[in-house]
Amino acid sequence: MIPAVAGFNAFRKIRLVQIDGSGRRIYSDFDARYVAYSRNLPSRIHHSIKVQHVGNFFELEFKDWESRDKWRKAHTNVELFEGDVTPLKRVLADNPIHIGKQRRCYLDIETDSRVTPVQAIQGMARILSWAVVDSRGFAFQGCLNEDSNDAETQLLFDLIAALEPYDQVSGWNLDLFDKPVIDERAKLLEVKIPRYWNWIDQLATYKRFNLQVATSGDQKTSFKLGDIAQFEVGEGKSNFKSNRTWEEWAAGGARRRAMLEYNMQDADLLRKIEDKTNYLDMNFTIAQLCNIFPNSHSLKPTAQLDGYLLRLAHEEGFRLPSRIEREETEKAVGAFVSQPTACGILKDVFVADFSSLYPSIIETWNISYDTKLGPNDTGIPFALALNDVRYRTDHVGIIPRVTEEFGKLRTFWKSEKARLIAAGDTAAAKDADRRQNGFKVLRNSVYGILLSEYSRFYDKDLGEAVTRAGQWLIQSIAAEGEKLGYRNLYNDTDGAMFDGCTHGEFLQFVARLNDEYLPAIVSDKGCVTNRVAVDYQEAFERIIFPVNDGEPASKRYIGKFSFYQGRAVTGKVIEIKGMECKRGDSSRLGRRMQLEVIDRLMDGCEDPEIFVQMVETWKTKITTEDIPLEDIVMSKSVKSIETYKTKDVHGREKSLPAQARIAKELIERGENISSGDRVQYVVVNSLKTPMSLIPASDFKGDFDRRYVWERTYQPSMRLLTGAFPNDRNWLHWTIKKPKKKDIPLDNQLKLF
DNA sequence: AACTTTGGCGAGCGGG
DNA sequence: CCCGCTCGCCAA
């Protein structure tokens, strides 16, 4: 196996990079090949297309990307495989290459603050300084000597030299700022940037991996480096004014040194964040498992699965479908979600969960592009999917084969982890843990690519076979529970909640589902092997669904566990789903008040009067006292400004949403706000339509107190209505006039 | 030579 | 006052 740390195009060649014993790069070149595979030889092949047998396929080789593309478009009737694959991906799939360990560094640059960030990424700002830190903490720095092209050229040369010993370069918002700035300046100054680095955006990496871990709303209000560093490593940025880099650089002496220090501090924060989170390491592990280089692109599931599957296909002599450009894809139906069937403080609620529902369905029904039967295919044994599409069962399909493999590899690395921990090898155990988690990530992303229009595996029949089976299974076990006299409270996708039974009864129920019921109903559909199973791991001592407009809401609840991860719980273990306190776009005071209410409710307080007092206290505080800015600002992310709908359905002009109006204003002032960035604003008058707002940075003390109270109270009100639906009129403390239908007379509340 | 999915909630906007 | 729509964010 060749351990390659990087690879890139180099004029009709693909150049792979290896590292020798003394850390020097060794290059090996491969032909850049533009190929496609076909089962049959298409008639009248032009002589410029080279054809040869490869396994059971004909390999068609074209002279370049354009000619392959043109031929594909002109011959859509010919079933071509892997006809989209880039030469680099081809080399990685077809050769005994594995992704070598990366020598990683962290990079941050400072640029001329006199031009806007938007202009800076167009190449209009000089780079004033750079800082590079590596995993061991070794640091390097460069500073512009004078305001001239020659000096900046030297600065870039020095940067290239500093990066030279590394393979992977990480930076915060690297893809949307530092990298484009460097590229543009290098182009302008005619400096050639080597191609052998894997550039990875640490912000994008953080966002991707942080999605999976439970976090509070407070942590989600900002993804600025300083705020994330504060949260992860308890260390913020200094008070250097980053919008005055030019002045500080120009002043020279101590002020210039302060700028350099600030620059270096940021680069070092990147290292500290990684040391804490290991997200870049996690991504490297996944990239390595998939035979792709660990750059920003490697964060995407399509890239990961493509890398893994192209290699597997090459090794085993099958071929993957070509990715085709689609106009637009039809929407597929997804999971089943029910509305909770009860309100109040519900006690002793039991949860049955399907383990790895979608992968287990794929394996059970053998759902794959290569097992799907057409309406005219007869005489072949099949499993019948719930969308009436049949999947042959006489061989295991590629897609289930892969989910199964991911599952087995995960099990293997889990046991390795345990073995290594027992052996006292913590470093290797950590690595094993990353691998088991990597295979979990990969296994769960397989379903996504069946319904992604950008994926070579897109097929609505495959994706819907999965989701409809899921709907059918969850509804089936919900009905089975009801047959036993349990009350089915709520279901979402793969989990069903019941009350009206005991722990022992529920254990038996779940055992019977697994031993008899599920195997029987699945076998009825023609499935040969059953991989579908439910797990009983959680029970709630109490659970509350919030209520809005008299209806309990789906996707939201608070609960206190009595049984968690398969074990009895004695302490206070709380679960909060979907509530405002977990959201980064809710009001800070709303989160605070809601957490206080949740805390009391979960402590077992069932006296509404206590909560009435709590509401009164909060209301007095908010309607009379001073409130700091941080409690008043709203924070939301924005998309790129052109993508907002400016017209309503009748074609009339309509105003943009609040966050977009603020973003637009900030962009006009020259700030660098791009898709995914968050903006902060204060509502000055909520009675106007549209509301009057100001950017948080303009705050001088003027804000709408009524609005702040509504945003604070509503999240708690809905929970209190859920807990005590008939004891109080919780609308009493709202400021906007209550609607008639909201007056909570018993006969007007549905469902209970 | 680059984009995992659908379901659902609540805020805000504006028309009828 | 009600409703349909968009948007951001979360559950799975």
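Just so it is clear: chains get the letters A, B, ... in the order the sequence lines come, proteins before strands, and each one is counted from 1. Bear in mind that the values here come from a model prediction, so they are computed numbers and not experimental data.
Using a 4.0 Å heavy-atom distance criterion, A:Gly584 is classed as a sugar-phosphate-only contact. If you check every strand for non-hydrogen atoms under 4.0 Å, A:Val333 touches sugar and phosphate atoms only. A:Arg583 comes within 4.0 angstrom of a base, heavy atoms only. Among the atoms of the strands shown, none is found under 4.0 Å from any heavy atom of A:Ala658. Residue contacts shown for A:Gly334 are limited to sugar-phosphate atoms, with no base heavy atom under 4.0 Å away. Among the protein residues, A:Tyr557 comes within range of the sugar-phosphate backbone only, with heavy atoms under 4.0 Å from sugar or phosphate atoms but none that close to a base. Nucleic acid contact class of A:Glu653 (heavy atoms, under 4.0 Å, all strands): none. Counting any heavy atom pair closer than 4.0 Å across all strands shown, A:Met691 reaches sugar-phosphate atoms only and no base atom. As judged by a 4.0 angstrom heavy-atom cut-off over every strand, A:Ile449 is placed among residues making no nucleic acid contact.
Residue A:Lys220 places at least one side-chain N or O under 4.0 Å from the OP1 or OP2 atom of C:dC10. Contact annotation: A:Arg68 side-chain N/O to B:dA1 OP1/OP2 distance is not under 4.0 Å. In this structure, A:Arg718 reaches the B:dA11 phosphate: one of its side-chain N or O atoms is under 4.0 Å from OP1 or OP2. Contact annotation: A:Lys636 does not reach the phosphate of B:dA11 (side-chain N/O to OP1 or OP2, under 4.0 Å). Contact check, A:Arg678 against C:dC9: a side-chain N or O comes under 4.0 Å of OP1 or OP2. Considering only side-chain N and O atoms, A:Arg661 lies under 4.0 angstrom from the phosphate OP1 or OP2 of B:dC13. The phosphate of B:dG12 (OP1 or OP2) has a side-chain N or O of A:Tyr707 nearer than 4.0 angstrom. Checking the phosphate oxygens (OP1, OP2) of B:dG12, a side-chain nitrogen or oxygen of A:Arg711 falls inside 4.0 Å. Here A:Thr689 does not reach the OP1 or OP2 of B:dG12: none of its side-chain N or O atoms lies under 4.0 Å away. Between A:Lys639 and the phosphate of C:dC7, there is a side-chain N or O to OP1/OP2 separation shorter than 4.0 Å. For the OP1/OP2 pair of C:dG8 and a distance below 4.0 Å, the side-chain nitrogens and oxygens of A:Gln659 include at least one atom meeting the criterion. Contact between the side-chain N/O atoms of A:Thr302 and the OP1/OP2 oxygens of B:dC3 is found at a separation under 4.0 Å. Between A:Arg652 and the phosphate of B:dG16, there is a side-chain N or O to OP1/OP2 separation shorter than 4.0 Å. Considering only side-chain N and O atoms, A:Lys331 lies under 4.0 angstrom from the phosphate OP1 or OP2 of B:dT6.
Atom NZ of A:Lys300 and atom C1' of B:dA2 are 8 Å apart (whole Å). Atom CG in A:Leu299 sits roughly 12 Å away from atom C1' in B:dC3 (whole-Å rounding). Between A:Glu325 atom CD and B:dA2 atom P there is a gap of 9 Å when expressed in whole angstrom units. Atom CZ of A:Phe293 is separated from atom P of B:dA2 by 17 Å (rounded to the nearest Å). Between the OH atom of A:Tyr644 and the P atom of B:dC13 there is a distance of 13 Å, given to the nearest Å. The separation between A:Asn548 atom CG and B:dC9 atom C1' is 9 Å, rounded to whole Å. One interatomic measurement links the two molecules: CG of A:Leu176 to C1' of B:dA2, which rounds to 14 Å at whole-angstrom precision. Protein atom CZ of A:Phe8 is 19 Å distant from nucleotide atom C1' of B:dA2, rounded to whole Å.
Side-chain proximity of A:Lys577 to C:dA11, C:dC7, B:dC9: nearest is C:dA11. Nearest to the side-chain atoms of A:Tyr34 among the listed nucleotides B:dA1, B:dG8, B:dG14 stands B:dA1. The side chain of A:Tyr447 lies closest to B:dT5 when the candidates are C:dA12, B:dT5, B:dC9. Each of B:dT5, C:dG8, C:dA12 was ranked by its minimum atom distance to the side chain of A:Ser637; first place goes to C:dG8. In this structure, of B:dC3, C:dC9, B:dG14, it is C:dC9 that holds the atom nearest to the side chain of A:Asp585.
A distance of 10.5 Å separates CG of A:Leu88 from CZ of A:Phe30, quoted to the nearest 0.5 Å.
An aromatic stacking contact between A:Tyr454 and the base of B:dA2 is absent, as defined here by ring centres under 5.5 Å apart and ring planes under 30° from parallel.
Salt-bridge check for A:Arg326 with A:Glu453: failed, with every basic side-chain N at 4.0 Å or more from each acidic carboxylate O. Ion pairing of A:Arg72 with A:Glu325 is absent here, as no side-chain N (NZ or NE/NH1/NH2) approaches a carboxylate O to less than 4.0 Å.
Under the side chain to side chain donor-acceptor pair (under 3.5 Å) test applied with A:Glu82, the options A:Arg456, A:Arg90, A:Arg323 reduce to a single match, A:Arg90. Partner of A:Glu580 under the salt bridge (charged side-chain N to carboxylate O under 4.0 Å, His left out) criterion, out of A:Arg592, A:Arg556, A:Arg711, A:Arg588: A:Arg556 alone.
Between A:Ser554 and A:Asp492, the side chains place no donor N or O within less than 3.5 Å of an acceptor N or O (distance only, hydrogens not considered).
Between A:Tyr206 and A:Tyr279, the ring center distance clears the sub-6.0 Å criterion.
A perpendicular orientation is assigned to the rings of A:Phe545 and A:Tyr490, their planes being inclined by more than 60° (bins at 30° and 60°).
Across the P atoms, B:dT4 and C:dA12 are found 22 Å apart, a figure rounded to whole Å.
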